[in-house]
Amino acid sequence: MVEEITSMREDFAQWYTDIVKKTELIDYSSVRGCMILRPYGYAIWENIQRELNKMFVASGHENVYMPMFIPESLLRKEKEHVEGFAPEVAWVTHGGDEELTEKLCVRPTSETLFCEHYANIIHSYRDLPKLYNQWCSVVRWEKTTRPFLRTLEFLWQEGHTAHADADEAQEETLRMLDTYAGFCEKVLSIPVIRGRKSDKEKFAGAKATYSVESLMHDGKALQSATSHNFGDGFARAFGIQYTDKENKLQYVHQTSWGMSTRIIGAIIMVHGDDSGLVLPPAVAPIQTVVIPVSMHKEGVLSRAESLKAELAEKYRTVIDKSDKQPGWKFSEYEMKGVPIRIEIGPRDIEKGEAVLVRRDNGEKIQIKLDEISEKTGLILNEIQSGLYKKALKLREDKTYIAADPESFKKILEETPGFVKAMWCGNPECEAAIKESTGATSRCIPFEQEELSDKCIYCGGRARKMVYWAKAY
RNA sequence: CGGGGUGUGGCUCAGUUUGGCUAGAGUGCUUGGUUCGGGACCAAGAGGUCGCCUGUUCGAAUCAGGUCACCCCGACCA
């Protein structure tokens, strides 16, 4: 047990803050609401980036880079979009001492830039589809901020695609949602609910928004990624037209989809425990750490070094040769969520063994040195899938069904989590539920269940089962 | 943006109520030594314009006004 980290039960918010600081994921900067991603935190993002990018490339997407500034007139081209984002954009009004004739906003998202560009480069059905993605940072002037979960500037990727027709755009929207779901579940070991957002929760300017939703340890939900179908709304606003095979002018149908550094907050809050971080091996900056014990003794350090070199061929491995106590090191790497720790000291070397310790369950295993590389791989896989199962169980344990407003409210107050309940589809009921319970509709899941035929709030005819929760 | 809280060596905090000598402790850091299988020990040392600004006062970490930042709860949002 690490003393410096507040226990989850005692104060979840403080636990979270302790973790991000003490494990050196971030530091605060002198700019309000902006965080410094330290090497350990940034390495997680780089791993996420690498894995996710592979998936994008595999499905035919190309990376581009757009400017970070958007002229005011361009931002204003699509009405709903600007209304959605205007309250939280940062404006550049001066270049040096000179006032700009048109102010520029720092991109809060890049739909408008992509649209303008697409209008210029798409002319024929032969130019379609356009499957672009960009990795960048965006700025949203949030009122309150929290590391990873909400910062003024954050890193993300935003995919923007243009298609010949509505069906293809819808297919792309769902394919990318599925990509995110697979990424969360396989790479991050985070189970997600796939579904559609209600109109109230929809992206500004979208025809339909889909999301993958995950559940944190404290029973609050976190939108882990979104995928939007824009229909031809943006195309009409920006004049993105092409000539089809029949020589007729058509508007393109577009999508956009994104995942941000916020997902690191989910990794922390889904897998972490009172000893600190627990990182899924696929994105852990350090997969195994070799800790020499009694390293001043003859032969220990050199054996530990050669073990490290062997492991490093296959896994992200470090050796800690600092003169700290072994016990200190054990705690340190536990706190940092390193999946596997390997202790090697005189006793082990004599027997031709080492001690392998799993972060996920604390199990200590004596392993023959000549088998250790292979076993490490197997155990990393076990941890990867074990974390998923554990998280899934947690989510299932915290998923409830409510049949009436009173029990709905009671569940959210006493045992926070996902609440499944029927909804008539009326935004007023949705707003009223939020007002009385603080919970929002997280999504209308693809996997529907017929819990009842009455809306949880008004008792009218129910149309959909919805996942509700308090959310980050 | 509303409500609450906090700013004092790197970190955690005491001191502020009731203004008063050279601002303390633990931990961390540096050096030397002894240790080393779950956060070691001894010794010596370095490190602070008390968030910032203005005021009150003979005198401000302490009082007043302002301001900035962070944390928590809410509203808004990825």
Side-chain angles (χ1 to χ4, degrees), chain A residues 1-6 11-18 20-22 24 26-35 84-89 108-109 137-158 180 197 200-204 209 211-214 221-228 256-266 275-276 291-297 300-301 320-335 341-350 353-355 357 362 364 366 434-435 438 440 470-472:
Chain A
M1 182 74 65
V2 178
E3 292 165 28
E4 297 107 31
I5 296 176
T6 306
D11 185 344
F12 191 82
Q14 189 59 48
W15 168 85
Y16 180 82
T17 309
D18 284 352
V20 296
K21 281 284 288 175
K22 301 222 159 96
E24 299 181 347
I26 65 126
D27 199 3
Y28 294 105
S29 70
S30 58
V31 186
R32 178 187 78 85
C34 294
M35 64 180 179
F85 282 100
E88 52 179 19
V89 294
T109 178
S137 77
V138 291
V139 169
R140 298 181 188 178
W141 217 260
E142 302 289 350
K143 284 163 185 159
T144 58
T145 59
R146 294 191 72 188
F148 293 114
L149 302 174
R150 179 160 299 106
T151 47
L152 290 203
E153 181 186 10
F154 57 93
L155 298 175
W156 78 345
Q157 58 66 219
E158 45 178 328
Y180 288 134
K197 286 285 192 183
K200 187 172 175 292
E201 300 285 326
K202 202 177 66 176
F203 178 83
T209 290
S211 72
V212 289
E213 300 282 334
S214 53
L222 190 130
Q223 178 177 302
S224 300
T226 48
S227 186
H228 316 287
S256 89
W257 25 274
M259 177 179 270
S260 74
T261 37
R262 178 181 236 202
I263 198 71
I264 296 174
S275 297
I291 297 178
V293 177
S294 298
M295 63 180 180
H296 58 290
K297 291 196 178 146
V300 171
L301 199 52
D320 189 339
K321 296 187 285 184
S322 70
D323 58 5
K324 293 271 193 341
Q325 297 286 111
W328 188 92
K329 294 178 187 175
F330 299 164
S331 302
E332 181 69 10
Y333 293 97
E334 252 162 40
M335 183 174 81
R341 170 175 88 235
I342 293 166
E343 309 171 9
I344 180 164
R347 284 199 322 241
D348 308 297
I349 294 172
E350 212 172 289
E353 294 180 345
V355 179
V357 186
K364 294 191 177 186
Q366 285 281 343
K434 189 180 178 187
E435 176 70 25
T440 50
K470 290 188 182 173
Y472 277 102

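Everything numeric here is computed off the predicted structure, so don't read it as measured data. A, B, ... follow the sequence lines: proteins, then strands. Residue 1 opens every chain. No hydrogens, no waters, no symmetry mates; every other heavy atom, side chains included, goes into these values.
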Rounded [atom1] spacing from [N] to [M] in Å:
{"N": "B:rA61", "M": "B:rG15", "atom1": "C1'", "result": "8 Å"}
{"N": "B:rG59", "M": "B:rU22", "atom1": "C1'", "result": "16 Å"}
{"N": "B:rU57", "M": "B:rC63", "atom1": "C1'", "result": "10 Å"}
{"N": "B:rG51", "M": "B:rG9", "atom1": "P", "result": "7 Å"}
{"N": "B:rA14", "M": "B:rC50", "atom1": "C1'", "result": "13 Å"}
{"N": "B:rG3", "M": "B:rA75", "atom1": "P", "result": "16 Å"}
{"N": "B:rU62", "M": "B:rC71", "atom1": "P", "result": "25 Å"}

Can you confirm whether the side chains of [X] and [Y] place a donor and an acceptor under 3.5 Å from each other?
{"X": "A:Ser214", "Y": "A:Ser224", "value": "yes"}
{"X": "A:Glu334", "Y": "A:Ser275", "value": "no"}
{"X": "A:Asp18", "Y": "A:Thr6", "value": "yes"}

Open item on the list: I'd like to know whether A:Val357 forms a side-chain contact (heavy atoms from CB on, under 4.5 Å) with A:Phe330, so could you lay out the CA-CA distance, the side-chain angles of the two residues, the decisive distance to 0.1 Å, and finally the verdict.
Closed with: CA-CA 10 Å; A:Val357 186; A:Phe330 299 164; over 6 Å; no
Open item on the list: Applying salt bridge (charged side-chain N to carboxylate O under 4.0 Å, His left out), can you list everything that pairs with A:Arg140, at least two apart in sequence or on another chain?
Closed with: none
Open item on the list: Going by the rule salt bridge (charged side-chain N to carboxylate O under 4.0 Å, His left out), which residues pair with A:Lys21 if we only count those two or more places apart in sequence or in a different chain?
Closed with: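 With sequence neighbours excluded, A:Lys21 shows a salt bridge (charged side-chain N to carboxylate O under 4.0 Å, His left out) to A:Asp27, given in chain and number order.
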Open item on the list: Using a 4.0 Å heavy-atom cut-off to protein, can you give one letter per nucleotide of nucleotides 67-78 of chain B, 5' to 3': B if the base is in contact, S if only the sugar-phosphate is, - if neither?
Closed with: --SSSS-BBSBB
TODO: Starting at the 5' end of nucleotides 25-35 of chain B, put B wherever the base has a protein heavy atom under 4.0 Å, S where only the sugar-phosphate does, and a dash everywhere else.
DONE: ----S-----B
TODO: Go through the steps for A:Phe154 and A:Trp156 under the test ring pair (Phe, Tyr, Trp, His ring centres under 6.0 Å), then give the verdict.
DONE: CA-CA 7 Å; A:Phe154 57 93; A:Trp156 78 345; 5.7 Å; yes
Task: Sugar-phosphate, base or nothing in reach of A:Pro87, heavy atoms under 4.0 Å - done: nothing
TODO: Look at all strands and tell whether A:Val138 reaches a base, only sugar-phosphate, or nothing, counting heavy atoms closer than 4.0 Å.
DONE: nothing
Task: With sequence neighbours excluded, residues passing side chain to side chain contact (heavy atoms under 4.5 Å, CB included) with A:Lys470 - done: A:Lys220
TODO: Please state how far atom CD1 in A:Ile291 lies from atom P in B:rG38, giving the value in whole angstrom units.
DONE: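 That distance rounds to 12 Å.
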Task: Watson-Crick or G-U stems of RNA chain B, 3 or more pairs, under 3.5 Å, by first number - done: B:1-7 with B:68-74, B:10-13 with B:24-27, B:29-34 with B:40-45, B:51-55 with B:63-67
